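Read through the structure below, which is laid out as structure tokens, and then see the notes.
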2 protein chains.
Amino acid sequence: MEERKLGTMSQDTGRAPRGNARGELARVRLLEAALESFARKGFHGTSTRDIAEAAGMSPAAVYVHYPTKEQLLYELSRAGHHKVRSRMDDAVARHTEPADRLREVVREFAAWHARSQVQARVVQYEMAALDPGHAAEIAALRRDIETLMRRLLIDGHDAGVFRVDDPPMTALAILSLGIDVARWYRPGGEWSPERIGDQYARMALDLVHYAPKAPPSRRRSRSSGA
Amino acid sequence: MEERKLGTMSQDTGRAPRGNARGELARVRLLEAALESFARKGFHGTSTRDIAEAAGMSPAAVYVHYPTKEQLLYELSRAGHHKVRSRMDDAVARHTEPADRLREVVREFAAWHARSQVQARVVQYEMAALDPGHAAEIAALRRDIETLMRRLLIDGHDAGVFRVDDPPMTALAILSLGIDVARWYRPGGEWSPERIGDQYARMALDLVHYAPKAPPSRRRSRSSGA
DNA sequence: ACGGTTTCTAAGCGATCGCTTAGTTTCGGA
DNA sequence: TCCGAAACTAAGCGATCGCTTAGAAACCGT
């Protein structure tokens, strides 16, 4: 399966309130069909007839629910970006220590790109097909994500637990690790999303030279922080 | 600019020897036009008329030189993959120490994905549009690259200079770092391809916990390897 | 300077594209 | 039980797709 289903799509995009129930179901079926097809063949490689057929409808039925093919992509991209951002925000809120925050954020981020690989592919690799207005809105969400990651690194640096030469580039690199999972991951392989999340969280801590300082049980002592 | 130009494309793909000179120039112009368009709008988002226009020819002229649009993609993908692989092979050959090899290979790999971003985008993100036969050939090249990276990590581990929990996953992660550069890099930004190469090489060494062992100046002693 | 080959274009083929129109079926509330 | 709204389909519009055909122009070895 693919994580939680799309149903209801977090919040309305600001459009028509519509009838309900039956139409809502059709709308979700169309989103799911479009998602699968966009992920597999790309936005431009997918025809509206592909989507309609996968959703079990006639080609014209698509346009009862969505004004354009691009609107389907936009809603999928928007929902996916919101999902990722809120998962990261939640992970930050669950902890206070910079290292715990970074570990959990990266774990969530990388694991999501595996577990929801189909959605993640569309989120990460179909942005170029968005309308300019929609693209700008999505770009803002992506800036949030990048800003959050930079903030984590700087907080860890300021707390003296991370050592980072170039925080912006390191933030980008850590995000790259997670994003690229959507490209190579295949479900049913030897690595579970959770395993990937754990390993990638560890790697992120390696990249910031994290060295726990609190209880110096019987390890080497660190002479200074900076 | 975009690294070395495409001219002559390393070696023939096995097809017609053709006339020469004038046709060769037209063929290169078409490859360059297709490359730019595939990178910007994707294979399916590019029409043969786009390519012809960008190359300054009529739509029909494309088919004098290439039998299908997919053949253009295949030759670009093939040339790009060969380029990457040979750069990595050369970097390995220039050194003997595992750490030097890894550093140079990652440096080349990451810097190439920035410097030749247009080509790298097509190489990394348009594989799904290849014919099955062509895709299989390209997949073999990609396996070479992944195998080389794993080999480097295992050699470093065996030499006792790297510590790697999961070599296959770490190899994948290091490649991910470089590959994803093709997605986010924009020329003219604050980071040069060389800077990116240097930083990413450093990060790769962090991921394998590289600690130079030779002169144990006044550092902590490592008790054992495994 | 001529003949054969290569390169190129104008025109267009059938297929498919995103999307619309006109009209039918299905549904839930009064 | 009936009615207006919502959901749906059959058919098809004009545009564009990848690619082909027929024939004109440019080129090169002799």
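Throughout, protein chains are lettered first and strands after them, A, B, ... in sequence-line order, and every chain is numbered starting at 1. Everything numeric in this text was worked out from a predicted model, so none of it was measured.
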Given atom CG of A/L25 and atom P of D/dA6, what is their separation to the nearest angstrom? 18 Å
Look at the aromatic rings of A/H134 and A/Y74 and report parallel, tilted or perpendicular, splitting at 30° and 60°. parallel
Rounded to the nearest Å, what distance is computed from the CD atom of residue B/E53 to the C1' atom of nucleotide C/dT9? 15 Å
Rounded distance (Å) that lies between atom P of D/dC17 and atom CZ of B/F43: 13 Å
Among A/R103, A/K83, A/R85, A/R94, which one satisfies salt bridge (charged side-chain N to carboxylate O under 4.0 Å, His left out) with A/E108? A/R94
Selected nucleotide, minimal atom distance to B/A60 side chain, candidates D/dC8, C/dG12, C/dA11: C/dA11
Distance check needed: C/dC8 P versus B/L30 CG, whole Å only. 8 Å
When you get a sec, tell me which of C/dC19, C/dC8, D/dC19 is the closest nucleotide to the side chain of A/K69? C/dC19
Is the shortest side-chain N/O distance from A/Y63 to OP1 or OP2 of C/dC19 below 4.0 Å? yes
Euclidean distance, atom CZ of residue B/R29 to atom P of C/dC8 [Å, nearest integer]: 7 Å
Carboxylate-amine/guanidinium contact A/E104 A/R107, below 4.0 Å: yes
Over how many whole Å does the gap from A/M57 atom CE to C/dT26 atom C1' extend? 14 Å
It should be established whether B/R27 places a side-chain nitrogen or oxygen under 4.0 Å from OP1 or OP2 of nucleotide C/dT7. yes
Which of the following nucleotides, C/dC19, D/dC17, D/dC8, is nearest to the side chain of A/A26? D/dC8
Starting at CG of A/D50 and ending at P of C/dC17, how long is that distance when rounded to a whole Å? 7 Å
Answer yes if the side chains of A/D50 and A/S47 hold a donor-acceptor pair under 3.5 Å, and no otherwise. yes
Examine D/dC17: is either OP1 or OP2 under 4.0 Å from a nitrogen or oxygen in the side chain of B/S47? Give yes or no. yes
Phosphate oxygens OP1/OP2 of D/dC19: is one of them under 4.0 Å from a side-chain N or O of B/T48? no
OP1 or OP2 of D/dA6 under 4.0 Å from side-chain N/O of A/H65: no
Hey, can you tell me if A/Y125 and B/Y125 have their rings parallel, tilted or perpendicular (30° and 60° cut-offs)? tilted
Rounding to a whole Å, what distance do you find between A/Y66:OH and C/dT20:P? 16 Å
Where the side chain of A/A61 is defined as all heavy atoms beyond and including C-beta, which of D/dC19, C/dC17, D/dT9 is the nearest nucleotide? D/dT9
